[in-house]
Amino acid sequence: MQIQDYLNAGKIAAEVRENARKKYYVGLSLFEICESIEREIVQKGASCAFPVNTSLNEVAAHYTAEPNDKKIIQETDLLKIDLGVQINGYIADTAVTVCYDPNFDFLIQAAEAALSEAISIIRVGTKSSDVGKVIENTVKARGCIPISNLSGHSLEQYTIHAGKSIPNIWSIGSFTFLPTEAYACEPFVTTRDGLGFVREGNTRNIFSLATRKRTKDAEADRLLDHIWEKFNMLPFALRWLTLDWDEKTARNLLDKLLKKKAIRSYPVLVEANGQRVAQAEHTFIPKEDGITVTTL
Ligand code: MN
Ligand code: MN
């Protein structure tokens, strides 16, 4: 584990997230928001670990802007900005929810409170089920509902979801936190009118490499090589390909690669009753006597 790369990535991610939290986005397009945040990550000397997610309202996760995405932020929108920074493949994964309608402050505060309560109990040897319990209790005490089928995760070099899940509710089956691993904790919360779980939506605009096996199509193979060289196994967006291919060609090649199962796509995840969802997220490394939050 490269501690220093994790710390450096975390510091940049935290700075970018705090700038994102302070910015007033009403009137800006999702395209402008994604591109400006990604530009900031690169300007600070790191790379994006995945396309910036800008999921609105009842969309909990996995929306990123399409090329020239025209969707404009309204005063009533609730926007989750989830960003990833990587240095040599070591990832900082962090998120903030912004909303300019004070009626939804409680939802954002519930997500933030659940994250800080979770962080306050984690050290080497803590059980993941206890973290889920703390998140669930904190969220419910504030009159909200945790999203039960979204969870935090262990991280590995060039791998965002490395196999272990940190639940957002009390649940059986558990692991204990190790000092040799980095993790992301990310409570998602919805209102009492929500069902407390997400369903897959129809939109898919985040992709990642599945296999480097040749496709027998020279241009598709060239894109496959490009994806491997630029993004390794990390997620990417169509927006990131349009420097080297025009949008239509890139879209066609992606469709080909999807059919051949050379790449996979990630559907947007939507609250099952269409209720708004807030999220907070930090990346951390457990210690014997506490925790190093890399994205603080
Ligand atoms: Mn994230
Ligand atoms: Mn995450």
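All ligand and atom numbering here is 1-based and tracks the order in the structure.
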Q) Does any N, O or S atom of His161, backbone or side chain, fall under 2.8 Å from the Mn ion (ligand 2)? A)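 Given the 2.8 Å cut-off, His161 does not count as a ligand of the Mn ion (ligand 2).
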Q. What's the OD2-the Mn ion (ligand 2)-OE2 angle here (Asp93, Glu186), rounded to 10 degrees?
A.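 The angle at the Mn ion (ligand 2) comes to 170°, rounded to the nearest 10°.
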(Q) Here's a test for you: under side chain to side chain contact (heavy atoms under 4.5 Å, CB included), which of Leu223, Thr211, Ile227 qualifies with Ile263? (A)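 Running side chain to side chain contact (heavy atoms under 4.5 Å, CB included) over Leu223, Thr211, Ile227 with Ile263 returns exactly one hit, Ile227.
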Q) Should the pair Arg21-Glu112 be classified as a salt bridge under the 4.0 Å nitrogen-to-oxygen rule? A)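 Salt bridge flag = yes for Glu112 with Arg21.
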Q: Looking only at N, O or S atoms, find the one in Glu281 nearest to the Mn ion (ligand 2) and name it.
A: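 Closest N, O or S atom of Glu281 to the Mn ion (ligand 2): OE2.
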Q: Would you please classify the geometry between the Phe177 ring and the Tyr183 ring as parallel, tilted or perpendicular, with 30° and 60° separating the classes?
A: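 If you compare the ring of Tyr183 with that of Phe177, the planes turn out perpendicular.
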Q) Does any non-hydrogen side-chain atom of Leu241 lie less than 4.5 Å from one of Phe207? A)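 Of all side-chain heavy-atom pairs linking Leu241 with Phe207, none is under 4.5 Å.
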